[in-house]
Amino acid sequence: MDVKKIENETSLIFVINGEKFELSKVEPSTTLLEFLRTQTRFKSVKLGCGEGGCGACVVLISKYDPLLDRVDHFTASSCLTLLCSIHGCSITTSEGIGNTKQGFHPIHQRFAGFHASQCGFCTPGMSVSLFGALVNAEKNNSPEAPSGFSKISVSKAEKSIAGNLCRCTGYRPIADACKSFAADVDMEDLGLNSFWRKGESKNLKLSKLPRYDPDHKSIKFPMFLKDVKHDLFLASEKHCWHKPTSIKELQSLLELNNANETKIKIVVNNTGMGYYKDKQGYDKYIDLSGISELSKIKKDQSGIEIGATVSISKAIEVLKEESKSDFTSDFLMILEKIANHMNKVATGFIRNTASVGGNLVMAQKNRFPSDIATILLSVDSMVQIMTGKKFEWLALEEFLKRPSLGLAIVLLSIKIPCLEHNKSESSEPRNRFIFETYRASPRPLGNALSYLNAAFLVQVTSCKGSDETKIQACRLSFGGLVKKHAFRAKHVENFLAGKLLSVRNLYGAINLLTATFTAIIPQDEISKNDYLSSLAVGFLFQFFNSLIDSPARISNGYSNEYINLPSVKASDIKENQKQVQHNMVPTLLSSGKQILEAGSEYSPIGKPVVKSGAALQASGEVVFVDDIPSPPNCLHGAYIYSKKPLARITGIKLRQESEHDGVRDILSSKDIPNGGENLGIKTVFGREPLFAEEIARCVGERLAFAVADTQKLADLAANSALVDYSIENLEPPILCVEDAVERSSFFEVPPFLLPKNQVGDISKGMAEADHKILSAEMKLGSQYYFYMETQTALAVPDEDNCITVYCSSQSPEFVHSTIASCLGIPENNVRVITRRVGGGFGGKAVKSIAGAVSCALAAHKLQRPVRMYLNRKTDMIMAGGRHPMKITYSVGFKDNGKITALHLEILVNAGAYPDVSVIIPRNISATLRKYDWGALYLDVKLCRTNHPSRSAMRAPGDLQGSFVADSIIENVAATLSMEVDSVRSINLHTYTSLKKFYDDSCGEPLEYTMHLIWNKIGVSAKYELRVDKVREFNSINTWKKRGISRVPVVYELNLRPTPGKVSILSDGSVVVEVGGIEMGQGLWTKVKQMAAFVLGTIQCDGSGSLLDKVRVIQADTLSMIQGGLTAGSTTSEASCEAVRLSCNILVERLKPIKNKLQEEMSCIKWEDLIIQAYMQAVNLSASSYYVPSNSSISYLNYGAAVSEVEIDLLTGETRFLQTDIIYDCGQSLNPAVDLGQIEGSFIQGLGFFMLEEYETNFDGLVLADGTWNYKIPTIDTIPQQFNVEILNSGHHKHRVLSSKASGEPPLLLAASVHCATRSAVKEARKQLLSWSNLDESDSTLQLGVPATMPVVKKLIGLEIVQRYLKWKMDNK
């Protein structure tokens, strides 16, 4: 089988959390994550994306470096790290740095104490990312940190988790937990936590923080690992892994491969698999990381040579170190800027393992949109390659242009040559090199491919006898284009060479550059080309204009005002360079203030109690569905789904290579048992088949379920399925709402869910109007949930035709009844258990049912346990997401902005099946009515299309209704040329109009807090003052504009019947069961507080500590029936009320015993009382079913937000400067939990309005199908200043202990960011018009949702630079 004989095989040796593993047989494609999750007890590493894009699977790798005789520690993505590549390494996971048995690490304790964990799925990865940063901070040469602190800086602590995604928290508390370790932290800047109270001294605060020890004793690197030999050879029946230790050995392996024609994969650390997924197996893996020649960095007078296997992080470190060397100052400047740019590539845990050479090879072979190729191309880099036994040096430019590298060619090293100045006499001004790099990306700190990147190296010299500057030569490289190598704009280079720095010459260069981009980008991507071309122009302008303008006039990144300077002195350039560059690097420091009032009346209700199990979540010891160990003989499932929107399925088969022993069955509608129904979803809202029976009605519809021995095999089988389609005799699919209207394809809304579609007399209102806007249109797209844990279930068959299913669902009751109907068995044969959900947001309400049913069907048929963990791509394709819609409206209004009538028609794309779409019209109507429209008519149609069925997503319909209302207000204000805020204010409800629009939901007059909140936030956010400051900023800044906006929310909430059960055990501990599901929203925490409060009313001695005695346990559909649906923000309070009723029953049963005991003894302990009750055979278990009364079933919630943004006119980037929120929680059950909900909800809304493009093709197939192309907010895309005040609005007699919900309403306030961006865009357009001496109204301005960089830039003006330069030249 190989050159080496079997006896030469070595074992794979590594350590995990101090435990040694030695393996002689390994499947080489096995990842470290796969091994950890299936072969060890360590489950803190989670599978979030499988692409290295989310950080849920981050581990710390410790590796011995024999050359430096030291152990290096670095974080890495275990989902990309191949198990064989950790030979000789020690791995530390989150439970390895601390746990319940050995004690939690201060990181875990602080994540808990700063309320920085909600669902907890991402928290272990966050913990390890921070831990890695703390470990490496101790190695730097900075002064020793004060006791209890790390050497890490605040900025680096915060950036340590820049690559980790969280969908729950909104990041602000996570940033605080990270910053608390930094020596330079301002303790006053740290937000709400459980460690100290406001106003305490710094020393007292520090003493209360869990103590941090910089020795890091939790890293276990056994000495024997130092003696493990680097070379590794592992062989199995079909595959082998080689780790050569020399180039000669590598040559022999490659030579042998050519002779045998084996499938070979050359790897360093396999990070490329995150982008280019392996679609085939390999016979042989060759790991280059053991070849020392390829991991060296050499430097001499000619430059720096970087070995191909050197990691990007190591390259950054070395390039920054070179700033202390004896290279020329210009070359040092270049090296530093290359390093700074590399720091924005990928994320820390990817840069730590991704190699520089691997990045360039991907760029060469696959045309990967590499930043590194672009920046190295601009500095004339060289590469050394090996072909067989031949070695040669090539210019990087030539290397990229060659045909795709074959396996016979290996990249060995990359050289950055030292710059040489033209020699001149000392009296002559010498040449200067100017170098700059650029990237426009959805995320400032990386973790996102750039739309475009560029690097410019220019040599300038002063002209004799004048102040003018001549461009001697330049290298202008651009990259990041899809399917294009990085390239040099040679026409532009040639045009500029020998010319003076001037506005006219820059204008000429820009026109040439535009023509270059038009020529190289395909015509079918012309709209993208316009944006990319505009970016390229912006980069070139930014570079040269900063040199043309007076350096003294530059501030904040760009010139404040451009003056008529035809040229610039070369001697001025150096300082100018430094200043511009530093302003371009985003400084990430988020901050925030939290104002809340803890209640004391119902203690511990009202206290900011730490979320139940938060430290356990951080250590990774909590058990999610996929963490449950697989039972013996367990199988795994994956979906085969339709790739056509409407087609007859005529056959499904697997490709031949997939038809192997590991695939056990392919289930379809034909496998439904006798007496069962083909049901995938059965709810009160509608039904959906489990599998398409004959005709697939949308892309992503389930066709079959492949069942195999492992999840990897099941996924491979599903991906390799060949589906035969026929569209014969079928009508064309309905792919847009207009088609649905034309063909009358609608879902009917049941009468009890129909919204109130008319308020007042619409004709009269229109007649009273001074102005009208008629038949205006707008469209809103979809949004994906991006719960960190994808859809998952485990079904275990039991005796007597019974089955137990563990699933991650917001609706176990619906799962339960659907399984029973599908299998044709009684419901008492089915048990569904849900302990917790790793993020839901509505996506696990109805969409989770089919996954559980599929596993149950397979387990029922095969009589073996079956589990499924949907891969991220499939999840994104099948999820459906938020409802897209088309809105047409006519509005009448007075001269003063008061609206008199609004007529709306809304077409909702509901998809192929009903799901929960019938609730959408009512929800749209509820939030739309937040303003007093005078008269309102609303017609909402649910269009049945051949797209995947849409489902509930956090604030479903409410979000769109509220935003439509604000968009109409914006349009009215623009038409009247009034301030938007004035138009909003004049149309806020009085209590009288509120009652007219909301009927009984509006409550008592004192409960209407909107005006109080509106005025209060105006004062606390200094709104008027900041409006003036924004105006002033815009008047003096040409290339950046700011906008500010204040937005209200009125949200109608409804409670549903909810069960609860409380049992007191013999030792006094308490077990609580509720129908509501814990998914990060703090439901269990509030329920615990409620149980402790009510049971505490019996007033035993020591019962003050009852909170610690209460445990909430998992939902079990046989133990707790009628659990209903956890959705709509109110399940926490309804569950609390059910628990309160149950506890009241227990208190009534215990009171007589307590009274009797009191006669005998003065001091009664809780435990003694319970023992006595047990002895007297008192029933200490009580159930209740809370059914809200007519007066308490619905209510309104209020809030307001002020947001300020800054847009970059050259790139379209929007920076979120500040958001202030005031939100009415009534009397909060737990202010810390509610604060987390408010912040997290707002940031999810910010994602919808500004970042998240859930792109599909015309057929409805999702194109944004992973972390590479779907961008949720990260820590660098949240408001830099994020202030939240929770208003304690007094007593609300019909609420649960006067509380109000917080889960969904704040999401709507994120519209304030979009409105502020619109305001900034208007300012930019006004400036653009002024350059053409035009003063046109901008009433037609429509800023799309999401307002991504290309969307903003297109509205600002794609040719803004050309217009500016032309204006400049005309006004010279």
Side-chain angles (χ1 to χ4, degrees), residues 99-104 109 112 194 602-605 607 609-617 619 621-623 833-836 1059-1076 1078 1082-1116 1118-1120 1135-1184 1229-1230:
N99 51 61
T100 39
K101 295 282 184 286
Q102 295 158 334
F104 292 117
Q109 294 167 317
S194 64
Y602 309 115
S603 182
I605 288 280
K607 302 288 183 195
V609 172
V610 169
K611 183 183 180 296
S612 176
L616 209 61
Q617 289 176 181
S619 70
E621 293 170 278
V622 297
V623 178
I833 294 172
T834 300
R835 183 173 294 183
R836 60 176 56 81
K1061 179 181 176 184
V1062 181
S1063 305
I1064 306 171
L1065 304 179
S1066 61
D1067 63 350
S1069 59
V1070 181
V1071 173
V1072 179
E1073 289 179 77
V1074 286
E1078 174 60 57
L1083 184 148
W1084 280 7
T1085 312
K1086 288 179 175 179
V1087 161
K1088 279 181 70 170
Q1089 287 173 273
M1090 179 62 85
F1093 158 64
V1094 182
L1095 294 176
T1097 58
I1098 205 154
Q1099 294 184 329
C1100 286
D1101 294 287
S1103 64
S1105 61
L1106 279 186
L1107 189 65
D1108 295 331
K1109 294 184 184 296
V1110 181
R1111 179 180 292 279
V1112 187
I1113 61 169
Q1114 61 200 18
D1116 179 331
L1118 288 187
S1119 174
M1120 175 69 58
S1135 296
C1136 283
E1137 184 62 12
V1139 166
R1140 188 169 80 95
L1141 296 173
S1142 300
C1143 288
N1144 281 340
I1145 296 168
L1146 294 174
V1147 168
E1148 288 307 308
R1149 289 175 188 169
L1150 288 168
K1151 266 183 182 173
I1153 303 169
K1154 192 216 170 191
N1155 292 338
K1156 194 170 182 187
L1157 283 172
Q1158 246 174 349
E1159 292 170 13
E1160 299 168 15
M1161 56 182 84
S1162 57
C1163 177
I1164 304 163
K1165 288 189 174 176
W1166 169 257
E1167 290 81 0
D1168 295 337
L1169 175 64
I1170 300 309
I1171 288 168
Q1172 197 62 36
Y1174 262 78
M1175 288 171 70
Q1176 293 184 28
V1178 173
N1179 180 1
L1180 289 185
S1181 184
S1183 300
S1184 65
L1229 296 173
N1230 183 323

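Side chains included, hydrogens not; waters and symmetry mates left out as well; all remaining heavy atoms used.
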Quick one, Val1062 with Leu1146, criterion side chain to side chain contact (heavy atoms under 4.5 Å, CB included). Give me CA distance, side-chain angles, the key distance, then yes/no.
CA-CA 8 Å; Val1062 181; Leu1146 294 174; 3.7 Å; yes

Kindly indicate whether the side chain of Val623, heavy atoms from C-beta on, has any atom under 4.5 Å from the side chain of Arg835.
yes

Test side chain to side chain donor-acceptor pair (under 3.5 Å) on Gln617 and Lys611; report intermediate values, then the result.
CA-CA 10 Å; Gln617 289 176 181; Lys611 183 183 180 296; 2.9 Å; yes

Do Lys1088 and Val1072 have side chains that get closer than 4.5 Å, going by heavy atoms?
no

Minimum-distance pair of heavy atoms, taken over all atoms of Thr1085 and Glu1078:
N-OE1, 4.5 Å

With the threshold set at 4.0 Å, does a side-chain nitrogen-carboxylate oxygen contact exist between Glu1137 and Arg1140?
yes

Taking every heavy atom of Met1120 against every heavy atom of Gly1075, the minimum-distance pair comes out as CG-N, 4.1 Å

Do Ile1164 and Met1161 come close enough that some side-chain heavy atom pair is under 4.5 Å?
yes

Are any of the side-chain nitrogens in Glu621 or Lys101 under 4.0 Å away from the carboxylate oxygens of its partner?
no

Can you confirm whether Val1070 sits close enough to Leu1065 that some side-chain heavy atom of one is under 4.5 Å from a side-chain heavy atom of the other?
no

Heavy atoms, side chains only, cut-off 4.5 Å: are Leu1106 and Phe1093 in contact?
no

Using every non-hydrogen atom in the two residues, find where Ser1183 and Lys1061 come nearest and quote the distance to one decimal.
OG-CG, 3.5 Å

Check whether any side-chain heavy atom of Glu1167 lies under 4.5 Å from a side-chain heavy atom of Lys1109, and answer yes or no.
yes

May I ask you to test the Leu1169-Leu1157 pair for a side-chain heavy-atom distance under 4.5 Å?
yes

Flag the pair Leu1150 / Ile1064 as yes when at least one side-chain heavy-atom distance between them is below 4.5 Å, and no otherwise.
yes

Are Glu1073 and Arg1111 within salt-bridge range, i.e. N to O under 4.0 Å?
no

